[in-house]
Protein chains: 2
Amino acid sequence: MADGARRATMTTVARALGVSPSTVSNAYNRPDQLSADLRARVLATAARLGYAGPDPVARTLRHGRTGAIGLVYDEPLSFSFTDPAAVLCLRGVAAACERHAVGLTLVPRLPAGAPDLVGTALVDGLVLYCLPADDDRLRVARERGLPVVAVDSPRPPLAPAVTVDDRGGARAAARHLLDLGHRRVAVVAERLAADGWEGTAPRARQDANPYDGTRERLAGYRDAWEAAGLDWDAVRVEERAPYGRDAGRRAARDLLADRPTAVLAMSDELALGVLDAAAARGLRVPGDLSVVGFDDTPSAAAAGLTTVAQPHLEKGAAAARLLLDLPGGAAAPPPLPTRLVVRTSTAAS
Amino acid sequence: MADGARRATMTTVARALGVSPSTVSNAYNRPDQLSADLRARVLATAARLGYAGPDPVARTLRHGRTGAIGLVYDEPLSFSFTDPAAVLCLRGVAAACERHAVGLTLVPRLPAGAPDLVGTALVDGLVLYCLPADDDRLRVARERGLPVVAVDSPRPPLAPAVTVDDRGGARAAARHLLDLGHRRVAVVAERLAADGWEGTAPRARQDANPYDGTRERLAGYRDAWEAAGLDWDAVRVEERAPYGRDAGRRAARDLLADRPTAVLAMSDELALGVLDAAAARGLRVPGDLSVVGFDDTPSAAAAGLTTVAQPHLEKGAAAARLLLDLPGGAAAPPPLPTRLVVRTSTAAS
DNA sequence: CCTAGCATCTGCAACGTTTCAGAAGCGCCC
DNA sequence: GGGCGCTTCTGAAACGTTGCAGATGCTAGG
């Protein structure tokens, strides 16, 4: 009601009522510390003066707890949420935050040069999503003394993390194709470094991939390959950036000239791009070409894609819980399981 | 390096170096206020003591700016991000935040009874997404003196808002069906109140809908209907909750018993559910049934759905800009345009 | 040689809370 | 009537910054 020159504060209310600020504070935080009558009068005066309760920032300074955790993505936010898998993980994190009555702050990535927001975000901890192993933001968070949990990448010992059995899942995907008799197989990969490079990734690049999650996936494919006594270096790994369905389309356009009988796509979005490209080329799936994805997103399911399922929601939720349950920072849990889901995009060679 | 009993602070560093705290502060915030040499020494000592720079919370208290805006949804976060339209809007908001180098805090909705986080979130302003006109959180934000911008609902004069021409879009959708000769048309609606009710919504309920955006959509359908001289109250408006594709399926399952020739779905997710139900019933679209959606989401496009496009990204970005550009709170911009996109889910009756 | 001006640095007072060790008043019991 | 314990309230000291009005010393100009 009364909107003075300056917004009302605890002291304002205290003075108006002739009591001490501590009393006003108690009225809000410890009702048992003052008589019901006085408390009512405090609240009434507060209402009259337009005082909306203790200032959250000052309270935070005092308490040392912001009541929010942060979520950091490798790419700009508006791009990250283009990826259905990232959104699923976000939902998991959000669900855990809701359960703990804690805010979730998306920490934007700024254009290079700008002072990083990871250094100044008002959070009690950070979930890092798919950051490369050597990312600066991990270091900055550490320096601030913020608890950190990584998802997908980087993995321990670089950072405490919630991991998924990417390697096992990828191995199962590759073995599935091998079991179906495929030998001329190509891989469609998302970025294996943050340099925006595109092309057929040589072995050195595959191994130097700083994104731990996808490096594991590639390693899983290779496991299966070598277990079958085949030469992994003969497999074409076609890398495209930036990430997305279009990347899959473009990779496949080039790849299909080799007439592979099957494609291992490192994610469902890429795989859906491959399906597009195949259709454009008049190839039937799975008759002429088998395709396997990774992630098991809803649109992959709708498209009948054979893929590797991982528990996206649980992954995000586990990361948030790790931050929220044990403030000290808990030990990393065992890898979450992956599972091959066979649908209609794969058939015998 | 040195990890004392307590984390280093500005005063710690100052004392260690025998200078005043102000000097340390200046070393970080106003390099021109001290000699390059001293500054270097300050930074070095800070590094040695493991001081990571000014504490964001204290800085915030001093400055009165948190450097983040909040985003509030009507439903729990993990549910909201189930809606592709909500994610698109989120992307728009996030993009604007990135451009302004500002964090984006998702403010969870807590189970009833818990103290609302809108009252304590560390933000400089709030974007309210699809809140009912009488939502408490709008009031709480106001009391805190936080700038607020609503998206979709509530609309001015209840709150400054970014609005979309929902009514015009809906009108175009309905007219499209009328032009194709459809007269036996039914509507599939999302929740028209927060009570979880399901059924055929009577006129009173349609008009009392506290969600301004969807009320406008219904009004748009009715506009077209009445302009054609038809009786709106004869149109069955089938409401389902909670929101989602399954809601569309269930509504359609009941609705199709009436043998309508067309369905107006108030969103694409609902429309996709209607397509499912139609397929399950053996109805061909658009041969036996025409379906129009609203939103123009990617999966709607993929499904060939005729729908009403709205600029989701721009909607979110505009809301954030309104909060960030003019701290005082700018005037609401004119409604953003909608556009009927005719695809293959509609045909002559 | 005096002074104005500049470059550097310092102290103090906020910013708005919360906490904690009391103090004051009062009733009760032995 | 003295001591004890309880309830209710107060004062002062943090929490970690930053802005502002100086203080200090040094240089250049007259």
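The figures that follow rest on heavy atoms only: side chains count, while hydrogens, waters and symmetry mates do not. All values derive from a computational prediction rather than experimental measurement. Quick note on labels: first sequence line is chain A, next is B, and so on, each numbered from 1.
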* Between Tyr211(A) and Asp152(A), do the side chains contain an N or O donor and an N or O acceptor separated by less than 3.5 Å? -> no
* Nearest-angstrom distance from the residue atom CG of Asn29(A) to P of dC9(D) -> 16 Å
* To do: With heavy atoms under 4.0 Å as the rule, sort Ser25(A) into base, sugar-phosphate or nothing.
  => base
* Separation of Leu34(B) CG from Arg39(B) CZ (nearest 0.5 Å) -> 7.0 Å
* Asked: Expressed in angstrom and rounded to an integer, what is the separation of His63(A) atom NE2 from dG16(D) atom P?
  -> 14 Å
* Would you confirm whether Arg7(B), through its side chain, and Ala52(B), through its main-chain N or O, come within 3.5 Å as a donor-acceptor pair? => no
* Please determine, for the side chain of Met10(B), which listed nucleotide (dT17(C), dT10(C), dT18(D)) has the closest atom? => dT18(D)
* Asked: OP1, OP2 of dT10(D) versus side-chain N and O of Thr23(A): anything below 4.0 Å?
  -> yes
* Start at the 5' end of DNA chain C and walk down; is the nucleotide closest to Leu61(B) or to Leu34(B) reached first? -> Leu34(B)
* To do: Taking the six-membered ring for Trp and the single ring otherwise, decide whether the centroids of Tyr73(A) and Phe81(A) are under 6.0 Å apart.
  => yes
* For Arg144(B) and dG16(C), what is the distance between atoms CZ and P respectively, to the nearest whole Å? -> 14 Å
* Structure fact -> Against the side chain of Ser22(B), the closest entry in dT10(C), dC9(D), dT17(C) is dT10(C)
* Touch class at under 4.0 angstrom, heavy-atom based, for Arg30(A) against every strand present -> sugar-phosphate
* Side-chain N or O of Arg59(B) less than 4.0 angstrom from OP1 or OP2 on dT18(D)? -> yes
* To do: Establish, with yes or no, whether the OP1 or OP2 oxygen of dA13(C) is under 4.0 angstrom from a side-chain nitrogen or oxygen of Arg62(B).
  => no
* For the pair made of CD in Gln33(B) and P in dG19(D), what is the distance, rounded to whole Å? -> 10 Å
* **Gap between atoms CZ and C1', on Arg65(B) and dT18(D) respectively (whole Å)** => 15 Å
* Within the structure shown, what part of the strands sits under 4.0 Å from Tyr51(B) by heavy-atom distance: base, sugar-phosphate, or nothing? -> sugar-phosphate
* Closest nucleotide among dT10(D), dC9(C), dG19(D) to the Val19(A) side chain -> dT10(D)
* Going from CG on Leu158(A) to CG on Asp212(A), what distance comes out if it is rounded to the nearest 0.5 angstrom? -> 6.5 Å
* Asked: Which part of the nucleic acid, if any, lies within contact of Val57(A), taking any heavy atom under 4.0 Å across all strands shown: a base, the sugar-phosphate backbone alone, or nothing?
  -> nothing
* Asked: Under 4.0 Å between a side-chain N/O of Ser35(A) and OP1 or OP2 of dT8(D), yes or no?
  -> no
* Asked: Any Lys/Arg nitrogen of Arg137(A) or Asp135(A) sitting under 4.0 Å from an Asp/Glu carboxylate oxygen of the other?
  -> yes
* Asked: Taking OP1 and OP2 of dT17(D), is either one under 4.0 Å from a side-chain nitrogen or oxygen of Thr9(B)?
  -> yes
* Asked: Asp37(A) has an atom CG; how far is it from atom C1' of dT8(D), in whole Å?
  -> 12 Å
* Asked: Leu17(A) CG to dT8(D) C1': how many Å, rounded?
  -> 14 Å
* Could you give the CG-to-C1' distance, from Asn26(A) to dT7(D), as a whole number of Å? -> 13 Å
* **Upstream residue (5' side of DNA chain C) when Asp55(A) and Arg39(B) are each assigned their closest nucleotide** => Arg39(B)
